[in-house]
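Working notes, beginning with the structure itself.
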Protein chains: 4
Amino acid sequence: MTGRTARGPALKPRKNPEQSRSAETVRTILEGAARVLEERGLAGYTTNAVAERAGVSVGSVYQYFPGKEALTAALVARETGLLIAAVRDAAGAATPELGLRRIVQATVAHQMSRPRLALLLDREESRLQLADSLDAVTRAISGALLALLGRLEPAPPVEAQVAAGDLFALLRGMVDAAGERGERAGDALEQRVLRAVFGYLGLPPAGP
Amino acid sequence: MTGRTARGPALKPRKNPEQSRSAETVRTILEGAARVLEERGLAGYTTNAVAERAGVSVGSVYQYFPGKEALTAALVARETGLLIAAVRDAAGAATPELGLRRIVQATVAHQMSRPRLALLLDREESRLQLADSLDAVTRAISGALLALLGRLEPAPPVEAQVAAGDLFALLRGMVDAAGERGERAGDALEQRVLRAVFGYLGLPPAGP
Amino acid sequence: MTGRTARGPALKPRKNPEQSRSAETVRTILEGAARVLEERGLAGYTTNAVAERAGVSVGSVYQYFPGKEALTAALVARETGLLIAAVRDAAGAATPELGLRRIVQATVAHQMSRPRLALLLDREESRLQLADSLDAVTRAISGALLALLGRLEPAPPVEAQVAAGDLFALLRGMVDAAGERGERAGDALEQRVLRAVFGYLGLPPAGP
Amino acid sequence: MTGRTARGPALKPRKNPEQSRSAETVRTILEGAARVLEERGLAGYTTNAVAERAGVSVGSVYQYFPGKEALTAALVARETGLLIAAVRDAAGAATPELGLRRIVQATVAHQMSRPRLALLLDREESRLQLADSLDAVTRAISGALLALLGRLEPAPPVEAQVAAGDLFALLRGMVDAAGERGERAGDALEQRVLRAVFGYLGLPPAGP
DNA sequence: GATGAATGAGCCTTCATTCAT
DNA sequence: CATGAATGAAGGCTCATTCAT
């Protein structure tokens with residue numbers, strides 16, 4: 001690993017063949033990568049392992065991704081897609097309270113589905129500085145939070161920008177930890193996260 | 001990277017020379033490791049780099065630590081020592097509220113002192129399964145929280161064990177993120193974390 | 001995968017000029033190879049790059065050439081064809097002096113037309129042991145030189161075989177170097193090469 | 001091979017321990033590289049092959065050279081050292097004619113000692129653009145030639161700069177070719193090269 | 001025939017660890 | 001004890017070649 005910290009080393013897929021056979025191979029590779037991450041952790045996450053797990057050759061991995069980081073980025077994008085959509089949606093909720101609840105819900109659901117994978121990708125996401133300087137999930141969630149906070153009455157006693165950052169960190173921290181502990185009950189976790197969120201904002205704890 | 005995932009590889013220092021020259025060398029090595037981590041990140045954190053930064057030979061590193069992971073573990077222990085002591089202390093505070101505040105305070109202070117180092121070590125800590133299965137910081141903070149929660153009136157509506165886990169995760173998440181953002185004002189951060197903590201527990205936000 | 005789904009009526013003549021079609025493809029591929037060599041050098045000279053540059057698939061390259069070396073050999077043959085013809089011609093010149101001049105002329109002209117390509121192919125030619133053990137150009141030029149030397153009066157004081165080898169080497173050396181230096185004036189170079197050639201043979205420097 | 005054509009990717013040795021054990025290892029590695037080049041050619045010239053042939057591990061190769069190219073550069077420097085010294089010396093010869101003879105002599109001697117190695121290194125030398133833009137040998141020989149040409153009477157009818165380039169090319173071309181042909185008689189070759197050189201310069205062929 | 005996705009041997013390089021001095 | 005040269009397994013990646021469509 002050469003100390004490439006601040007460059008932009010091709011994180012985009014090499015081809016984007018949303019068609020026929022190739023798309024299938026891409027899916028296979030991504031799922032292979034996900035499985036390797038879940039089963040062997042970051043230490044076992046090698047391009048050769050991914051290829052083997054996916055049942056393709058290393059060459060095929062590099063046919064579609066210019067490098068390992070690009071593969072990781074693509075996996076992040078894939079895993080994150082639903083979450084981002086849900087979060088975007090939440091920003092337009094009827095009330096900010098409802099929006100917050102929806103964001104928490106979506107994040108919890110996302111982390112519950114493949115906890116180890118989600119956790120490891122969170123780590124990789126912050127290690128590589130994907131995208132501009134902030135990855136898509138962070139941007140999406142923080143953005144949605146920001147929008148919701150603006151509509152809150154009374155306005156929270158903390159600057160919105162900062163509050164969004166705090167809430168995102170708090171949310172991710174709790175949810176990742178729950179995943180690591182093996183917690184599987186989404187509803188319960190959701191309630192607890194909301195206690196912290198509403199408490200932070202000085203709102204009365206909303207009933208379920 | 002050797003695929004040692006499931007073994008129990010000697011994480012304790014090889015010698016425990018609380019004396020003379022050796023202790024000094026150990027300190028030098030640990031500080032070298034800390035500096036490397038801060039300056040070159042996880043990618044640049046190699047045993048040779050540590051030795052060079054510390055002004056000793058690689059051989060000396062292996063004289064005092066059975067392997068890289070042991071070195072990391074020792075660094076974690078060193079960095080964590082003060083925090084753990086402070087947290088233990090907090091458990092005996094006059095009121096649980098005060099105890100909570102003290103824990104938050106200590107954690108914030110700890111993260112603020114060497115933010116990048118603290119962040120990277122947090123990550124390594126959870127990557128390696130240090131100690132029995134839970135590292136010392138986690139145990140200390142969770143334990144202290146648990147003790148304090150038991151004294152709380154009214155008792156929080158969440159099982160104490162779970163609450164302790166949540167609060168620890170929330171705390172660490174917020175503090176790490178603040179460090180990553182480059183935040184340097186400890187007091188402000190402390191207040192905000194407390195809002196979340198007290199909110200989670202259903203307590204009225206305590207004034208500063 | 002060309003969407004050739006609808007089979008219309010047979011619009012093509014029954015008898016395809018398969019020959020000329022193939023020949024055209026071969027030409028395209030060879031020119032692709034030449035372009036890649038000129039633009040990306042030996043390092044960028046890959047079969048995939050050639051195919052892409054030629055606008056055909058890799059498969060097609062292998063349809064016409066059994067391997068990369070065969071492709072290179074064919075390119076050498078193509079590039080060398082005119083030169084060889086000119087050199088053969090020169091062997092029959094009225095006087096040996098004129099013949100020598102013609103050979104030099106042809107070689108200079110050849111190298112000037114596509115200098116980088118000529119240089120790189122010279123290298124590849126000697127790397128691969130093309131042909132029997134001596135490639136066509138070497139054989140042609142050396143042969144012509146040999147014939148001319150036999151007619152020279154007075155006979156050069158060096159064995160003809162050896163002299164032919166020397167002159168060829170000298171010629172190629174000077175011409176390649178001129179190409180590498182970016183020299184573009186054929187006439188001047190020709191004169192200088194002739195000085196060396198005639199000097200080597202102990203002949204008086206012939207005027208232009 | 002990524003098209004790194006114009007960068008300066010560390011061509012200097014990593015360490016320059018002209019002492020004790022290390023120097024011996026460096027020598028061993030360089031000789032291994034030379035042997036591999038002679039025995040297996042450019043195609044078989046891999047860092048692993050070099051290490052194996054030298055009886056050391058790949059790691060040791062990289063301990064002393066930052067990369068394969070640096071190794072090649074060092075080998076070129078080693079092989080070229082004597083030649084360069086001799087050529088430098090020749091520039092100060094009593095008469096320019098004598099100087100020319102000495103340069104030819106040294107070059108012939110150099111190429112005769114390990115012909116295949118010299119040939120392959122010549123190629124590599126021009127492939128990598130070692131040093132500033134011109135490699136040491138080229139600089140040394142061209143420089144010496146330039147100095148000598150300036151002292152020549154009558155002055156050659158060609159611009160000195162150009163003449164130096166031509167003579168160097170002619171020299172190298174003839175000598176490389178002789179090596180490739182397996183010629184082993186240094187004196188004879190030397191005489192023939194001198195015929196071309198003196199002829200080029202319009203000087204009377206000097207007796208041995 | 002043409003296509004281009006797929007293959008996999010093999011290359012360069014790194015780095016945790018050992019051991020002779 | 002300290003040193004640092006030496007080791008070599010393992011990782012990321014390329015590219016000539018094949019073959020199902």
Side-chain angles (χ1 to χ4, degrees), chain A residues 1-2 15 17 20-22 24-26 43-52 55-69 71, chain B residues 1-4 15 17 21-22 25 43-52 56-69 71, chain C residues 1-2 4 16 18 21-22 25 43-52 56-69 71, chain D residues 1-2 15 17 20-22 24-26 29 43-52 55-69 71:
Chain A
M1 220 170 273
T2 338
K15 304 185 175 183
S20 64
R21 198 112 339 175
S22 301
E24 178 58 27
T25 303
V26 169
Y45 178 56
T46 72
T47 53
N48 284 292
V50 169
E52 189 187 22
V56 301
S57 66
V58 228
S60 286
V61 173
Y62 284 87
Q63 181 109 65
Y64 295 103
F65 304 97
K68 195 192 183 188
E69 300 198 347
L71 171 62
Chain B
M1 218 168 277
T2 341
R4 54 158 61 166
K15 310 189 172 185
R21 195 153 315 198
S22 306
T25 303
Y45 178 56
T46 70
T47 51
N48 282 289
V50 168
E52 190 189 20
V56 300
S57 67
V58 230
S60 286
V61 173
Y62 280 85
Q63 188 78 49
Y64 294 103
F65 303 96
K68 196 191 183 190
E69 300 201 345
L71 171 62
Chain C
M1 209 169 285
T2 339
R4 183 82 102 74
N16 256 356
E18 303 273 350
R21 176 101 85 106
S22 304
T25 304
Y45 178 55
T46 70
T47 52
N48 282 289
V50 169
E52 190 189 19
V56 302
S57 66
V58 230
S60 287
V61 173
Y62 280 84
Q63 186 79 49
Y64 293 103
F65 303 96
K68 197 192 183 189
E69 300 202 345
L71 171 61
Chain D
M1 220 169 274
T2 338
K15 304 186 175 183
S20 64
R21 197 111 339 173
S22 302
E24 179 57 28
T25 303
V26 169
I29 293 172
Y45 179 56
T46 72
T47 52
N48 284 290
V50 168
E52 191 189 20
V56 300
S57 68
V58 230
S60 285
V61 173
Y62 282 87
Q63 182 110 64
Y64 295 102
F65 303 97
K68 195 193 184 187
E69 300 199 347
L71 171 62

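Every chain is numbered from 1, with letters handed out A, B, ... down the list of sequences.
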Study note, to complete from the structure: By side chain to side chain contact (heavy atoms under 4.5 Å, CB included), D:T46 pairs with (sequence neighbours left out) D:N48, D:A49
Review point. Is the phosphate of F:dC15, meaning OP1 or OP2, less than 4.0 Å from a side-chain N or O of C:T47?
Key: no
Practice item. May I have the distance from A:Y62 (atom OH) to E:dC11 (atom P), rounded to whole angstrom? Key: 17 Å
Where do N or O atoms of nucleotides 7-10 of chain E meet protein N or O atoms at under 3.5 Å, pair by pair?
| from | atom 1 | to | atom 2 | distance (Å) |
| --- | --- | --- | --- | --- |
| E:dT7 | OP2 | A:S57 | N | 2.9 |
| E:dT7 | OP2 | A:S57 | OG | 3.3 |
| E:dT7 | OP2 | A:S60 | OG | 3.1 |

Practice item. Establish, with yes or no, whether the OP1 or OP2 oxygen of E:dA2 is under 4.0 angstrom from a side-chain nitrogen or oxygen of C:Y64. Key: yes
Practice item. With heavy atoms under 4.0 Å as the rule, sort C:F65 into base, sugar-phosphate or nothing. Key: nothing
Revision key, fill the gap. Taken to the nearest whole Å, NZ/C:K68 to C1'/F:dT17 is 12 Å
**Study point:** Whole angstrom value for the distance that separates P of E:dC11 from CD of D:E52
**Key:** 11 Å
Review point. To the nearest Å, how far apart are A:E24 CD and E:dG4 P?
Key: 20 Å
Point to revise | Non-neighbouring partners of C:Y64 that pass side chain to side chain donor-acceptor pair (under 3.5 Å), sequence neighbours left out | key: none
Point to revise | Considering all heavy atoms, the nearest D:A51-D:V58 contact | key: CB-N, 3.6 Å
Review point. Side chains of C:T47 and C:F65: does their closest heavy-atom pair fall under 4.5 Å?
Key: no
Practice item. Would you work out how much the helix from E:dA2-F:dT21 to E:dT21-F:dA2 bends between its ends, with each end axis defined by five base pairs, to 10 degrees? Key: 10°
**Study point:** For C:Y62, all residues meeting side chain to side chain donor-acceptor pair (under 3.5 Å), sequence neighbours excluded
**Key:** none
**Study point:** From B:S22 atom OG to B:Q63 atom CD, the distance as rounded to the nearest 0.5 Å
**Key:** 8.5 Å
